[in-house]
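Notes follow once the structure below has been shown.
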Amino acid sequence: MALDKNQIAQRIAQELEHNTYVNLGIGIPTLVANYIPKGIDIEFQSENGVLGMGPFPFEGEEDPDLINAGKQTITTLDGAVLFDSATSFAMIRGQHVQLTVLGAMEVSENGDIANWKIPGKMVKGMGGAMDLVASADNIIVAMMHTNRSGASKILKQCTLPITGVNCVKKVVTNLAVLEVAENGFQLLERAPGVSVEEIKNATDADLIIEGEVPEMKL
Amino acid sequence: MALDKNQIAQRIAQELEHNTYVNLGIGIPTLVANYIPKGIDIEFQSENGVLGMGPFPFEGEEDPDLINAGKQTITTLDGAVLFDSATSFAMIRGQHVQLTVLGAMEVSENGDIANWKIPGKMVKGMGGAMDLVASADNIIVAMMHTNRSGASKILKQCTLPITGVNCVKKVVTNLAVLEVAENGFQLLERAPGVSVEEIKNATDADLIIEGEVPEMKL
Amino acid sequence: MINKVVSNIEKALQGVESNMTFMVGGFGLSGIPENSIAALSKMDVFGLTCISNNAGVDDFGLGLLLQRKQIKKMISSYVGENAEFERQMLSGELEVDLIPQGSLAERSRAAGAGIPAFFTPAGYGTEVAEGKEVREYNGKPHILESALTADFAFVKAWKGDTAGNLIFKGTARNFNPLMAMAGKITVAEVEELVPAGELDPNQIHTPGIFVQRIFQGEKYEKRIEQKTTRKRD
Amino acid sequence: MINKVVSNIEKALQGVESNMTFMVGGFGLSGIPENSIAALSKMDVFGLTCISNNAGVDDFGLGLLLQRKQIKKMISSYVGENAEFERQMLSGELEVDLIPQGSLAERSRAAGAGIPAFFTPAGYGTEVAEGKEVREYNGKPHILESALTADFAFVKAWKGDTAGNLIFKGTARNFNPLMAMAGKITVAEVEELVPAGELDPNQIHTPGIFVQRIFQGEKYEKRIEQKTTRKRD
């Protein structure tokens with residue numbers, strides 16, 4: 001069965017490495033914080049100026065001066081730091097933040113990502129996404145495999161204005177885990193109960209498939 | 001009679017404008033702080049990371065963590081701020097510091113200054129001088145008119161490696177106040193009792209002299 | 001000490017004119033200069049260019065200036081919370097220049113720091129890079145971005161002193177210290193204004209040299225855009 | 001929380017090798033990493049390139065490494081207090097690259113901030129500009145300067161916590177926060193090491209993300225170079 005959003009986050013959490021700094025985008029990526037594996041120390045950075053983000057505050061304890069980049073009220077953990085936007089992007093651009101997890105509208109087989117604009121329809125802006133994808137060593141995309149009208153978001157080439165080139169390393173969707181390999185998308189894992197055939201059918205780009213494709217373990 | 005170093009500083013202090021930030025170099029410029037005219041509010045910046053410098057500390061109250069760019073122990077005044085070297089030079093390069101007073105080995109008639117190196121003999125380094133002279137709107141040089149061997153430091157062209165080009169606006173020496181005008185040095189004032197002829201004789205560059213040259217008032 | 005205090009908002013906004021470029025601090029509605037924005041929204045200044053990470057919401061923040069069509073052009077990174085904004089943009093009434101958030105921050109700082117241009121990897125290969133110089137460093141293409149200046153910068157701090165020194169709180173800091181550096185005239189409003197000497201000189205975020213005018217704001221609403229909480233166990 | 005504490009100076013210096021490039025914080029002798037320098041001066045590492053605003057004095061600071069001829073090249077802005085330095089430089093034993101102080105600071109910050117190059121007016125028309133690209137901005141020539149990186153950065157703070165967050169005191173801050181950003185491995189020594197959570201998150205100068213190792217230093221001498229005082233009235 002295809003994963004739900006929480007399960008996508010849960011699978012991505014398995015990619016977290018000990019003692020690393022991670023930036024989580026809005027939407028599914030935010031959920032990753034709920035599934036940090038035991039024994040793995042992570043600090044979450046939010047590009048509006050906080051490192052060491054904690055869970056949401058208890059009702060009544062929200063502080064308008066303490067939000068994340070999604071404008072949600074947050075808390076901080078011991079060891080947290082607050083800083084200005086230039087310092088925040090110094091951390092990002094300077095590759096001190098090792099992993100960025102973000103959503104996308106499209107990902108192409110050379111690792112391009114589009115997630116900021118639908119010409120003539122939706123122009124919310126790139127926010128920090130362009131800096132993030134141009135910088136971090138490791139970029140993982142969390143998204144549904146297809147859009148609302150059922151079209152594949154995994155493409156040979158992006159059709160929407162792109163956010164960054166050659167940057168995505170891995171994509172985790174409700175159907176599969178894909179790696180952006182040198183020659184295109186390599187199918188690494190299937191969602192439990194989802195067949196390779198089903199994934200192929202839902203995917204516009206060609207898939208590189210080597211041997212048995214294992215099911216994800218959640 | 002030619003001015004002494006304190007009198008040079010005293011004359012330069014007359015150039016200070018109300019509500020401005022000023023960087024004083026090592027040597028004579030440091031003495032300017034002793035002669036701030038009444039009613040003129042000035043804050044002194046030192047490029048090692050302090051704004052709002054006060055006088056030297058009382059004996060026994062020196063703090064090794066509080067020095068100026070000349071490595072002298074200092075104090076701070078109410079409203080002072082401490083900051084890192086990048087912020088310090090942001091203030092300087094960004095022209096937030098309006099006036100820089102510094103010493104020189106040579107000044108040329110197009111406003112070039114040399115004060116950091118004597119090839120093969122003395123190489124102390126430019127410190128912050130190159131940033132300072134390339135940045136501030138107003139640069140005043142405080143120095144003796146001639147060097148130890150009696151040679152003019154006011155030249156048609158610098159002979160030593162320069163610190164900056166076209167930057168000096170005014171020079172105050174023990175003999176005269178000179179402005180770097182479009183066509184060369186204009187003699188603005190004479191030291192009390194020093195004749196125009198004496199200044200001409202001590203000066204390598206041509207002097208522009210318009211009408212009577214008044215004596216400095218100290 | 002150089003005193004930066006102005007006695008009221010009128011004096012703080014003196015010199016503001018139509019067709020000027022303003023920088024406005026804040027991220028979303030957090031850390032925005034509420035008093036300055038409210039006052040500007042009541043002045044007859046139009047044709048403004050506003051540089052701000054976001055554009056407020058319909059009835060708060062820069063949304064107030066958008067409602068009165070005072071803004072000709074927005075330079076922002078993310079503008080997704082404002083229906084009136086979207087309407088004006090799609091109809092062509094409002095010019096919009098969207099730029100990466102990190103470049104917005106760094107370009108503001110650069111202006112204040114006397115750095116006219118710098119290379120960044122952000123935006124390479126995208127619309128943002130169109131017409132910009134590309135150069136490879138460390139095997140990676142970078143684009144040349146230039147400093148962003150403004151006639152006025154409006155910023156908001158938690159505490160400030162009479163010398164113009166500012167301290168921010170939490171994530172309300174965001175773009176405020178950078179825009180403070182970049183403004184030709186920087187107007188700071190603070191929740192609490194104290195005499196010079198009361199703030200620890202080691203703990204000041206924005207040195208007063210970057211601030212031309214300071215005043216104590218009032219009636220801070222500090223609206224929360226996304227109230228998210230968790231349940232107590 | 002990511003714990004950055006190392007239990008002793010040996011672990012702090014693990015991986016240090018001959019021919020590496022080090023950044024060393026401090027201005028004059030103020031804010032120098034005394035413990036790290038002392039330990040390095042006892043190790044058999046040679047052929048070092050040291051990036052530091054100054055070069056210490058004969059028997060303290062980087063002067064200790066110069067005495068043992070561990071340094072092959074110095075990148076500094078001002079080196080006027082060290083007779084042994086001058087001797088080695090004039091004899092050609094020591095390579096010296098002198099750069100403007102503001103460029104040294106900004107180039108360090110740039111490295112840490114992922115900015116590979118930027119334009120600055122400092123040094124235009126001088127030796128410093130030789131071979132560098134010149135471009136005019138706002139009617140003024142600027143030169144292109146590049147980021148400065150180092151294998152190790154050694155910095156010294158007043159207080160630090162186990163997450164690597166640092167707070168500096170007075171003008172001992174200087175280059176330390178910038179070099180902390182630039183080092184591939186940044187080793188911070190602090191006068192007082194406290195548990196994470198004890199420092200106010202609003203008041204941290206260097207976020208722990210820039211620091212790889214932290215330890216509490218000992219026996220700080222904090223030598224004063226120019227003791228200047230005034231008389232009591």
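Every value quoted in this text rests on a predicted model; they were computed, and no experiment measured them. Convention: sequence-line order gives letters A, B, ...; per-chain numbering from 1.
Interface check for chain D: of the options B:G49, B:G128, B:P57, the most heavy-atom pairs under 4.5 Å are formed by B:P57. Chosen from B:S88, B:G125, B:G127, the residue pairing most often with chain D at heavy-atom distances under 4.5 Å is B:G127. Ranked by heavy-atom pairs shorter than 4.5 Å toward chain B, the options D:N174, D:V79, D:I99 are led by D:N174. Counting heavy-atom pairs closer than 4.5 Å to chain D, the top-ranked of the candidates B:D65, B:L82, B:D112 is B:D65. Taking chain D as the reference chain and counting heavy-atom pairs below 4.5 Å, the highest number among B:A90, B:A69, B:G164, B:A129 is found for B:A69.
Residue contact with chain D, scored on non-hydrogen atoms closer than 4.5 Å, involves the side chain of B:K117 exclusively. Looking at D:N54, only its side chain comes within 4.5 Å of chain B, counting heavy atoms on both sides. Contacts of B:E61 with chain D are made by side-chain atoms alone, with heavy-atom separations under 4.5 Å and no backbone atom involved. At a 4.5 Å heavy-atom cutoff, the contact between B:N68 and chain D is made by backbone atoms alone. Neither the backbone nor the side chain of D:S108 comes within less than 4.5 Å of any heavy atom in chain B. Within the 4.5 angstrom heavy-atom criterion, no atom of D:L29 approaches chain B. If you measure heavy-atom distances from B:T76 to chain D, you find no contacts under 4.5 Å at all.
Taking each heavy atom of B:D131 and D:A122 in turn, the nearest pair found is OD1-CB, 3.2 Å. Taking both residues in full, the closest heavy atoms of B:V123 and D:L98 are given as CG1-CD1, 3.3 Å, listed atom of the first, atom of the second, then distance. Contact detail for B:A86 and D:E106: the closest heavy-atom pair is CB-OE1, 4.2 Å. Across all their heavy atoms, B:P64 and D:S30 have their closest contact at O-OG, 3.0 Å.
Annotation: D:Y124, atom OH; neighbour count of heavy atoms from other residues, nucleotides and ligands within 6.0 Å does not exceed 12. Heavy atoms of other residues, nucleotides or ligands lying less than 6.0 angstrom from CD of B:E17 number 12 at most. For B:Q157, the CD atom sits in a loose shell: 12 or fewer heavy atoms of surrounding residues, nucleotides or ligands are nearer than 6.0 Å. Within 6.0 Å of atom NZ in B:K5, 12 or fewer heavy atoms from other residues, nucleotides or ligands are found, so the atom counts as exposed in its surroundings.
Distance check: D:N176 CG to B:S85 OG gives 8.5 Å after rounding to the nearest 0.5 Å. In this structure, OG1 in D:T126 is found 6.5 Å from CH2 in B:W116, a value given to the nearest 0.5 Å.
Not a single donor-acceptor pair under 3.5 Å links the side chain of B:K71 to the backbone N or O of D:I224. In this structure, the side chain of B:R93 does not engage the main chain of D:T120 through any donor-acceptor pair within 3.5 Å. Looking at D:R230, its side chain does come within 3.5 Å of a backbone N or O of B:F56 through a donor-acceptor pair. A donor-acceptor pair is defined here as one N or O able to donate and one able to accept, closer than 3.5 Å; such a pair exists between the side chain of D:T171 and the backbone of B:I67. No donor-acceptor pair under 3.5 Å is formed between the side chain of B:D84 and the backbone N or O of D:L178.
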Determine, stepwise, if the pair B:M126 / D:Y78 fulfils side-chain contact (heavy atoms from CB on, under 4.5 Å).
-> CA-CA 6 Å; B:M126 67 292 283; D:Y78 193 82; over 6 Å; no
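Electrostatic pairing of D:R232 and B:E59 does not count as a salt bridge here, judged by no charged N lying under 4.0 Å from a carboxylate O. With respect to B:D63 and D:K169, a salt bridge is recorded, a charged nitrogen being found less than 4.0 Å from a carboxylate O.
At least one test fails for D:K231 against the ring of B:F58: distance under 6.0 Å to the centre or angle within 45° of the axis.
B:Q72 and D:T228 form no side-chain donor-acceptor contact under 3.5 Å, judged by distance and modelled atom types alone.
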